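Contents: one structure, followed by commentary.
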Amino acid sequence: MAMVTGQQSSLWDGVIELTKLAQLKGTDPLMWAMQLSSTLNSAGHSMPSTDVANLLVSHICWGNNDPIAWKFLEKALALRIAPPMFVLALLSNRVITTRRSYPVAYRLYMELLKIYAFSLTSLINGPNYQKIMEAINDTLHLSQIFGLQGSESGLIVVGFVFTIVWELLDASLDDEGLLELTAEKKSRWHITSQDMGLNNHDSFAGGRTEKQELLSKSNTVMAIEIIGELFRDKVTSAILYLVRTNMPTHWESFTQNLRLLVSNSSALRNSKNISPEALVQLTSDDHVVLSRKCKTSSHKRFHAVMASGSLGSSADQCHGASPAVLWLPIDLFLEDIMDGSQVAVTSAAETLTGLVKALQAVNSSPWKDTFLGLWIAALRLVNRERDSSEGPVPRLDTCLCVLLSITPLAIVNLLEEEEMNCSSTNQRKESSRKRHQDLVFSLQQLGDFEGLMTPPLPAAPLANLAAAKAMMFLSGISVGSGYFEGMSLNDMPVNCVGNLRHLIVEACIARNILDTSAYLWPGYVKGRCNQVPRSVSSQMPGWSSLMKGSPLTPQMVSSLVSTPASSLAEIEKIYEIAVNGSDDDKVSAAAILCGASFARGWNIQEHTVLFITRLLSPPVPANYSGTESHLIGYARFLNVLLIGVSSIDCVQIFSLHGLVPQLAGALMPICEAFGSCAPNVKWIVMSEEISSHAVFSNAFTLLLKLWRFDQPPLEHRMDAVPVGAHLTPEYLLLVRNSQLTSSDDLQKDQSKIKRLTRLSSTLSGEPIFLDSFPKLTLWYRQHQACIASPLSGLVPGTPVHQIVEALLNFMFRKINRTGQSLTPAISGSSSSSGPGNEDVSLHLKLPAWDILEAVPFVLDAALTGCAHGRLSPRELATGLKDLADFLPASLATIVSYFSAEVTRGIWMLASMNGTDWPSPAANLATVEQQIKKILAATGVNVPSLTVGGNSPATLPLPLAALVSLTITYKLDRSTDRFLNLMGPALSNLATGCPWPCMPVMVALWAQKVKRWSDFLVFSASRTVFHHNRDAVVQLLRMCFTATLGQTTSSIASNGGVGALLGHGYGSHFSGGISPVAPGLLYLRVHRAVPNVMFMTEEVVSLLMHSVRDIASSLVPAEKLKKSKYVRKYGQVSLAGALTRVKLAATLGASLVWITGGVILVQSLIKETLPSWFISSHGTDPGGGMSEGLVATLGGKALACFAVISGTFAWGVDSSSPAAKRRSSTLEAHLEFVAGALHGKISLGCNKATCKSYVSGLISLIVGCTPNWLLEVDVEVLKSLSTGLKQWDEEELALALLSSSGIGAMGASAEMIIEGGMNFVR
């Protein structure tokens, strides 16, 4: 080793001597270089040599800083004896810091930059590439400065180019005295002059002269011009684009300095080669765009369609491809969340936010069009509900909640996310201003859609008030918010009839995303008002009186209950009264909160629902010392709240706002406390006497509405569970606790904090678990056991057995045959007569939990007695009704027990003959015919669907008992909450039973409530889809054909949103029920499908069939100009075909996501698509050229389908909780694609389809969801990139790597340097 070191030392000493001698003699640089090369070759030293570079630069700086030495260096670089890039790195450390003392050296350094900085190809293709880059990294410390992981050569190239540009920039700022104006007051590079005390200036200058001063100024200009050249050159500008994309923090610091230079540099203004404006343009964010070369016209058309943000030409719009269908997924999502039988644990506004961002990305739409599409979709939802058939589940308030609360909240999210995503204050202000302008534009454009703006009748008075408010504002009449209280239409200013846009604007103003300048929009207000209209507010005290300090009198309470609050301050005032007021005032405040402010106070609804949820968990009083729960003392107050929010539409509003987990957490302590309390104490609430049983029943039935309590536990299900049907109390608490423990995330997410007031800034409470409520847990375990297996375990003589006896005697106390009670015969106990009525009453003054524990045994005994003829059906129904009236909470056990017994199939069939059981004969045939008519009109043909028959209808005995019980209830507000508990469970049960159980049930209920007939018949049609998978496939097929306008049906001939979702359902036309749009029918029935996992395969199949139909409609190019030909034969251009392909893919993605959520989407991408590509697919032997087009279009369709499905399920960024599941599925799929490209996987499909799919998939991910790539293993991406290059997709391979983060930046840079880049300037 010592010998080798000595030889090396001797070699370098010889090189120095050779150089000094040549310098002394003035040897020709070429001769010197040849001698040097010979010396190195003789010593076996490889070139280019970093050692030689170090030697020569050290020799020059600064002991031999003369022209001949620089010429030697230049020749060594030209002949690649020394590596040019490493020399530039060495010189940048030496020359830039001494540029004022050595201006000529600085000039020579920049001249070398101009020669070699643009010759990166020779660097990466030359010898010793890796060694050279390691030397550059060690010299400039790039890995430490930029935080680069590893020492990949390509990464160092990127860091080196960026460093050169940044050093030149900061040196120029320093030369002009501008560096102190930067945020850091200094440069991160060693550019500040450190040579003020040096005496050996440029040796060929002889000292610092005026000429040198001029040269220094000229150097500053040249440095700025080189910056411009580096941004102008296609290779270096692309490398700098990688920095911009993958190193945003460093880029932001760089651009701040650049903006300072542009604004203040005299050198830049004096340059003849570049202007400030040109430099701004060259360095702007949209100057360099990595793009792939489209080698075929179909590729060009595809990318044009995907990036256009609008759909098709006018000639194609007759086939469903109108601009409105861009937002079809929003229509489907909004319609789907209207299903009153389903609750969600996440806010609809949050989900809608993610969906809108996904659509904006995949459509590449301007935000003004995106906002407009969102508003129109929400307006269409309200309009579809306007004339729909009446049913047990009111939907109008929830539709208006979506339009006027959920949609504005989603827009608040979008505006604030944009503001928070900006890295600088100036960017934040500008970006926020631009998106806000887009929102304003969209709201102004709504004025062009008058057909959608007519408010439903219940909302019309509030719309009129909103219009009046704007009119008075414009007329200069100042009135308070309380001025309009009690005002009628006759009191209004002339012509101030309002519409839905007025309500939308007020909802936006209330959330501070709009101001009163909206009142100045052209056409917003029609007319002026010269005098203040008469107000009746003085006759009826309202919100204004409350805010002035008036007490809550009965008259005021009545007014406030019926009039929604108009501001957050008003609802906060009521909340404060509910917390701190007297007991009577608290009860009044609770009633007010649950009144019109809850259902129709859209401007502040998100706060109202949160306040109500909090009030359901009142604090322990400071001086409380009782042994029972402190909640008992709040009985009156809690009961008003519970009844106020117990209706099914109120529950849905909680669901829409994502507060179901919090509501469940508030209800469980109430159930535990009041269910453990005997009904010995009575309370008077609004003239009604209540007991602990009443409060418990109201809380318990409301709690049970929050999950599918009638369904068996997952582990006992024999079939697949529909997505969304797996909510359990444990899961609700898990979500609630997760929300509570997300405080760290909330602190980081300032946008969420900004949306909450001082009273609702955080969710209150501690984590709770089901075991915290032993009585509730005991009931729940018994409930699960009863559903899972036949009843057993009743031991005679135990307290439970005694309660069973008491309940049976209570239920059937009027039944007496041969002078004996029927209790022994039913229950199997002794033959002694039962206790008297007084004894029964005393025996049942027990806590509700104790009674509920006995109810399953009571039901078993009663059902057995009826089956064996010891009880008549009427007596059974009467007894059940008495039990439910005594303890309404027992309805839950009645429903779940009877449901479980039906599924066991051990009970006799009850003959619904009108004698023993109610008869559906009067309208059963009509109901069956209408169901079949609905299906046929929608395009679903089910031959096995028998209609009519001579034999009497039958139902399983437990189902017959349950139906009979429900129809004994009167329809009024006091029973709604209990019918709404039983209704969905009964419907689900009948759906799963054999035909015609559902029509029988519907016929009986239609006899009871004729106005519900259409709604009930429509709902009953879902039983067909539960039992018949082919019917589901037919309905899906009709969704595709209707949307694409490929059907002759009268409701779908034009395609698009109207054809898919129609205009509601009901008897709008003479002659009976109107045809139902296929999409609307599907959204109402898909939850009844027992196993949705087959859906992905069916949707893929239907998508490919749609592609073939679209391809067959293509018009030849020579006939494109003949518009009459297009209209006559319904054919479309290639661009139109691609548009419709995207529409079909969007529809398919929407259906898969809505049906199965994240799980089904992941199954699609991880399993279904790979299986489809591996499988063999037949082709049309006579297809010819069209078959190739079908293959290409099919690949594009599948690519759109996959990416759009992913954006819906996972989101386009990391803000969605589901984004955590994205990386593994996406990586697995990309691994599959890479394997196919490398030939490791045998494909069964057409190769053109595969190639089209891959190019479309990667293009969409790169263009629409680049953040996805940051989560994928870099090695997978590199493998995929290599495969793309092998398939002649070099530009796409580069675009993929360029969007894949710092880890892939090195490979991207090397590909750029090798020449695989296109630019759009």
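Predicted model, so just to flag it, every value in this text is computed and none were measured. For reference, positions follow the sequence shown, starting with 1. Atoms considered below: every heavy atom in the structure, side chains included; atoms not considered: hydrogens, waters and symmetry mates.
Put simply, the side chain of S1299 gets close to the backbone of A1295: a donor and an acceptor are under 3.5 Å apart. When atom types are taken as modelled, the side chain of T351 and the backbone of A348 share no donor-acceptor pair closer than 3.5 angstrom. Here the side chain of T245 pairs a donor or acceptor atom with the backbone of Y241 at under 3.5 angstrom. H250 contributes no side-chain N or O that, together with a main-chain N or O of V243, makes up a donor-acceptor pair within less than 3.5 Å. A donor-acceptor pair is defined here as one N or O able to donate and one able to accept, closer than 3.5 Å; such a pair exists between the side chain of T613 and the backbone of V609. When atom types are taken as modelled, the side chain of T1155 and the backbone of V1152 share no donor-acceptor pair closer than 3.5 angstrom. Judged by distance alone, the side chain of R1222 and the main-chain N or O of D1213 form a donor-acceptor pair under 3.5 Å. At least one donor-acceptor pair under 3.5 Å links the side chain of N1091 to the backbone N or O of M1093. With hydrogens and angles disregarded, no donor-acceptor distance shorter than 3.5 Å links the side chain of S1300 to the backbone of L1269. No donor-acceptor pair closer than 3.5 Å links the side chain of Q360 to the backbone N or O of P366.
Taking a cutoff of 4.0 Å between a charged side-chain nitrogen and a carboxylate oxygen, E418 and R433 do not qualify as a salt bridge. With respect to R511 and E606, a salt bridge is recorded, a charged nitrogen being found less than 4.0 Å from a carboxylate O. By the 4.0 Å N-to-carboxylate-O rule, D339 lies close enough to R1087 to be salt-bridged with it. Between E417 and K357 there is a salt bridge, since a side-chain N of the basic residue sits under 4.0 Å from a carboxylate O of the acidic one.
The side chain to side chain donor-acceptor pair (under 3.5 Å) analysis of residues 1225-1235, with sequence neighbours excluded, yields the pairs H1229-Y1253.
Residues S1224 and K1166 have side chains that never bring a donor and an acceptor to within less than 3.5 angstrom of each other.
In this structure, the side chains of L332 and L1147 come closer than 4.5 Å at one or more pairs of heavy atoms. T1207 is listed as a side-chain neighbour of W1268, based on a closest heavy-atom distance under 4.5 Å. Side-chain contact between L379 and L446 is present, with at least one heavy-atom pair separated by less than 4.5 Å. Residues T407 and L352 are in side-chain contact: their nearest non-hydrogen atoms beyond the backbone lie under 4.5 Å apart. Side-chain contact between W602 and Q605 is present, with heavy atoms from C-beta onward closer than 4.5 Å. Side-chain contact check for F1208 versus F333: every heavy-atom pair is 4.5 Å or farther apart. Considering only heavy atoms from C-beta on, W1210 comes within 4.5 Å of I1165 through its side chain.
The aromatic rings of F371 and W367 sit tilted, their planes meeting at an angle between 30° and 60°.
Taking each heavy atom of A378 and L403 in turn, the nearest pair found is CB-CD1, 3.6 Å. Of all the heavy atoms in L1169 and A1202, the pair that sits closest is CD1-CB, 3.7 Å.
Between the CH2 atom of W375 and the CD1 atom of I411 there is a distance of 4.0 Å, given to the nearest 0.5 Å.
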